[in-house]
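The sequence lines fix the lettering, A, B, ..., with proteins before strands; numbering per chain opens at 1. Only heavy atoms go into these numbers, but all of them, side chains included; no hydrogens, no water, no symmetry mates. On a predicted model such as this, the values are computed, not experimentally measured, just so you know.
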Protein chains: 2
Amino acid sequence: MVEGIKPIGAKSMAEQVELSLRDYFAKKSFKPGDAIPTELELAAALGVSRNVVREALSRFKMLGIIESKKKVGMIISNPDIVGTFEKVLNPTIMDTATLQDLFELRLALEVGIADLLFIRKTEADIDELEAIAANETRGDFFRISNEIAFHGKLYEMTGNETLKNFQKLLLPIFGYVVKLEKEKQVSGKVSHKDLVKLLRKGDKEAFKKGMLAHLQPHYDRLKAHR
Amino acid sequence: MVEGIKPIGAKSMAEQVELSLRDYFAKKSFKPGDAIPTELELAAALGVSRNVVREALSRFKMLGIIESKKKVGMIISNPDIVGTFEKVLNPTIMDTATLQDLFELRLALEVGIADLLFIRKTEADIDELEAIAANETRGDFFRISNEIAFHGKLYEMTGNETLKNFQKLLLPIFGYVVKLEKEKQVSGKVSHKDLVKLLRKGDKEAFKKGMLAHLQPHYDRLKAHR
DNA sequence: AAATGTATTTTGTACTACAATTGAACAAAA
DNA sequence: TTTTGTTCAATTGTAGTACAAAATACATTT
């Protein structure tokens, strides 16, 4: 076995075209709505078959970076970043290290959104959150869905759409990692109701500490694990 | 104009095949390394041309979900989620609302990683961080690259590879939003050196407050803006 | 003027053909 | 026996043609 020798990169034409188009779009500084050349023009310009061009274009279409209409042609459009993220976030094929990383990322967010929360929160929001927290004591199945509802509402309250959708994506990861660790989900010492109270009171520092305490079991596991 | 009638979903074959394959992979619970049927088999099973199948497969290849070798066929592989994210993160075509959202997301992370930081930090890390902080006072260009180095090191110290790469991706967003707001980048009242001191001392609460103070100008802008 | 038909352009799909790669099997040689 | 070379076959990769489908522009009819 020969060490330290890497196989030469044999990029497919489709991939090369993808990169080439990326450069082209950047160089032309296209904005959403701008038209791009036809498939045939691109194929001719790049010296490849229309087939290859279409394989590359298909990639951009998946990302939502370009849209196409018959007869009209293709235009740039703004991509759906969260939707794209969803496409690769498949717990069953992701390696456990990355899953763990994402789990930690979500933990960090959970604590980090507190400042946004206190900027954007409204009384109506807190009312709703309180109603969710009121249902905290239930069976195991309901507890999990309640947990999701509560934290989901918190993200929603930040008024940050991307963040909210992002969190929704990370949910399955959360469940998966917890299951992976075979640990019975154990709650921290601070309940949802406690958190609502702190939020209502407007005590940001106390809320942050409370949230951390709420998540403490997870952090404890991290500390012991790695 | 006829109301209340939605155009029939005209998904392209390639898109339908993509979805279909997604289901198939999930149902079969494929793991990285597992072989999938050949292009011809898929085309026959789905009742479409090989062409269409290849356009769909091209998408998966971009995400790193499948790899192909001539003669051998195709296998599932674990996707590069950060790399995928990079492909859609193009500040020039993203709408400003999403850019703003991502900016906030990064702010939240910056504060939220403190707990991970205190679990994983080492003296050697802090030494390095201190060295970076020592160069804080310089010209404008250097100040920005120093800023990047400092915060980058912080993410690195979390021992979370995904987080680190994720932050690296968000950097251009950060720069872009700041420029967009036409605001001269102004520092908070807590310097990098101060943060290092707090980190060294091991005072987590103080560090968190310090970090927030460091980022305060950004939060102030948010408060005023929306 | 408004509806309708027609031509044309561009994307979407299908099919064929062949090149390139590579694993496998087997043969030849050291 | 182990290595090296050769041939074969299977599968992906690329090219090209043909035609269907949609949508625009324009002409025609009413």
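For B:F85, the ring-ring contact (aromatic ring centres under 6.0 Å, His included) test picks out A:F85, B:F166, with sequence neighbours left out. B:M74 meets the side-chain contact (heavy atoms from CB on, under 4.5 Å) test with B:I36, B:E39, B:L42, B:L57, B:I66, B:S68; sequence neighbours excluded. The side chain to side chain donor-acceptor pair (under 3.5 Å) check on A:T92 picks up A:N90, with sequence neighbours excluded. Not counting sequence neighbours, the partners of A:D127 by the side chain to side chain donor-acceptor pair (under 3.5 Å) test are A:R200. By the ring-ring contact (aromatic ring centres under 6.0 Å, His included) test, A:F150 is found to be paired with A:H192, residues two or more places apart in sequence or in another chain being considered. In this view, A:S12 and A:A14, A:E15 satisfy the side-chain contact (heavy atoms from CB on, under 4.5 Å) rule, not counting sequence neighbours.
From the 5' end on, the contacts that DNA chain C makes with chain A at under 4.0 Å to a non-hydrogen atom open and close at C:dT8 to C:dT13. For DNA chain D, the contact window with chain A, defined by any atom under 4.0 Å from a protein heavy atom, covers D:dT14 to D:dT24 in 5' to 3' order.
Applying the salt bridge (Lys or Arg N to Asp or Glu O under 4.0 Å) test to residues at least two apart or on different chains, none of the pairs has a partner in residues 60-86 of chain B.
Looking only at distances, a side-chain donor or acceptor of B:S77 sits under 3.5 Å from a matching main-chain atom of B:G64. Between the side chain of A:E104 and the backbone N or O of A:D101, no donor-acceptor pair lies under 3.5 Å.
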Salt bridge (charged side-chain N to carboxylate O under 4.0 Å, His left out) between A:R120 and A:E156, intermediate numbers included: CA-CA 10 Å; A:R120 307 257 166 79; A:E156 191 184 318; over 6 Å; no

Under the criterion salt bridge (charged side-chain N to carboxylate O under 4.0 Å, His left out), I'd like the reasoning laid out for A:E55 against A:R59: C-alpha separation, chi angles, the key distance, then a yes or no. CA-CA 7 Å; A:E55 283 182 20; A:R59 301 180 173 199; over 6 Å; no

Is there a side-chain contact (heavy atoms from CB on, under 4.5 Å) between A:V82 and A:K168 once you walk through the steps? CA-CA 10 Å; A:V82 179; A:K168 218 178 280 176; over 6 Å; no

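Residue B:K28 places its NZ atom among 12 or fewer non-hydrogen atoms of other residues, nucleotides or ligands, all under 6.0 Å distant.
Of the residues in residues 50-63 of chain B, those with a non-hydrogen atom less than 4.0 angstrom from any atom of DNA chain C are B:R50, B:N51, B:V52. Of the residues in residues 34-44 of chain B, those lying under 4.0 Å from DNA chain D by heavy-atom distance are B:T38, B:E39. Residues from residues 67-80 of chain A with heavy atoms under 4.0 angstrom of DNA chain C, sorted by number: A:S68, A:K69, A:K70, A:K71, A:G73, A:M74.
At a threshold of 4.5 Å between non-hydrogen side-chain atoms, the residues B:L89 and B:L170 count as touching.
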